[in-house]
Asks: 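Dropping the structure in here first, questions after.
For the single chain, residues carry numbers from 1 onward in sequence order. Both ligands and their constituent atoms are indexed starting at 1 by order of listing.
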Amino acid sequence: MTVLVCGGAGYIGSHTVRELLDKGREVVVADSLVTGHRKAVDERASFYWGDLSDEAFLDVVFRENDIDAVIDFAAFSIVGESVTNPVKYFENNIGSTLCLLKKMNEYGVKHIVFSSTAAVYGEPEVVPITESDRTLPTNPYGESKLCVEKILKWFDNAYSLKYAVLRYFNAAGAHISGKIGEDHKPETHLIPIILDVALGKRDKISIFGDDYPTDDGTCVRDYIHVSDLARAHILALDKIMAENISVTYNLGNGNGFSVKEVIETARRVTGKEIPCDIAERRAGDPSVLIASSDKLTRELGFEPEFNTLEKIIETAWKWHSTHPDGYKDR
Ligand code: UDP
């Protein structure tokens, strides 16, 4: 089976490419390299450099390969930037996915796994969050993903395109080999920033708000290892292809950790002091985001391999301490 992985040079995409190849699937990667890294793409995959909004580019990819299914990671994903520059997020995250879906239809490819996000829920009414809970995004990033979820529903209705929507909670960690990992520029995510402090690349980590209604006042998130996420994509793809159905799953561990707990764990894992201070709240941050992973476990038999925060941070530390400048260039 040949899988087209759009955004396969990015953080979660590159881990999924590896997982697919290790399971004997053929993989074609399409990536614009605007945020992804060529070096992150496994040599066993074929690589196409281009933009998903470019129909001629997609024609080449679909014509030259016998694609059976698509996994789509290609998107911008910085929440704060989406608030100040919504055009960029709607144009790219909705526009280019729509173009991809049109081409899939044209070439008779009927199955897609789509990266969505916990940001579609906005501020949750209850935690843990289940897939049927209200969706009310509080930023354009989440809104752009929710729009695509709705587009997928109408493509299924009109063209029998079957999809798995995967709503990620906080992806973290790195491949066990230490060869690929997280490298965003600029970096905005908690764990890589904490590890930059451990490496001496930053002076301190600023905790964005300690007056939230949580046990220690800092925000609580559900961290899931990137290789566990990657495995879940393959399980979901196999399910929608075998049963010819469309599904939506939360992808989380079902456990919440506060920002302070993450810093404490990183101190234990790295043996470094990791100074911190308290800063203003970051706009648009819900206080608690924890997934109910019941549906995922029940329907896909999914069990996370990296089931503690220690294990997740250990793999991230292995990557960051051996690649302090990430992939260096694209
Ligand atoms: N966070 C923080 N300091 C930082 C970066 C993040 O306190 O320098 C907090 C952020 O407010 C959130 C949590 O860490 O509560 C996780 O943030 P991240 O950006 O990693 O993921 P998000 O939850 O926004 O998807």
Asks: Can you give each donor-acceptor pair under 3.5 Å made by side-chain atoms of residues 154-162, sequence neighbours left out, with the distance rounded to 0.1 Å?
Replies:
unit_1: D156; atom_1: OD1; unit_2: K162; atom_2: NZ; d: 2.8
unit_1: D156; atom_1: OD2; unit_2: S246; atom_2: OG; d: 2.8

Asks: Do D222 and N250 come close enough that some side-chain heavy atom pair is under 4.5 Å?
Replies: no
Asks: So for atom CD, which belongs to E243, do other residues, nucleotides or ligands contribute more than 12 heavy atoms lying within a distance under 6.0 Å?
Replies: yes
Asks: Can you tell which of D59, D66, I67 makes a side chain to side chain contact (heavy atoms under 4.5 Å, CB included) with Y107?
Replies: D59
Asks: Test the K295-Y249 pair against the cation-pi criterion, namely NZ or CZ under 6.0 angstrom from the six-membered ring centroid and within 45° of the ring axis.
Replies: yes
Asks: I'd like to know whether T2 forms a side chain to side chain donor-acceptor pair (under 3.5 Å) with N65, so could you lay out the CA-CA distance, the side-chain angles of the two residues, the decisive distance to 0.1 Å, and finally the verdict.
Replies: CA-CA 8 Å; T2 304; N65 300 280; over 6 Å; no
Asks: If you count only heavy atoms, which residues are under 4.0 Å from ligand 1?
Replies: N170, T188, H189, L190, I193, I205, S206, I207, F208, C219, R221, Y223, V259, R282, D285
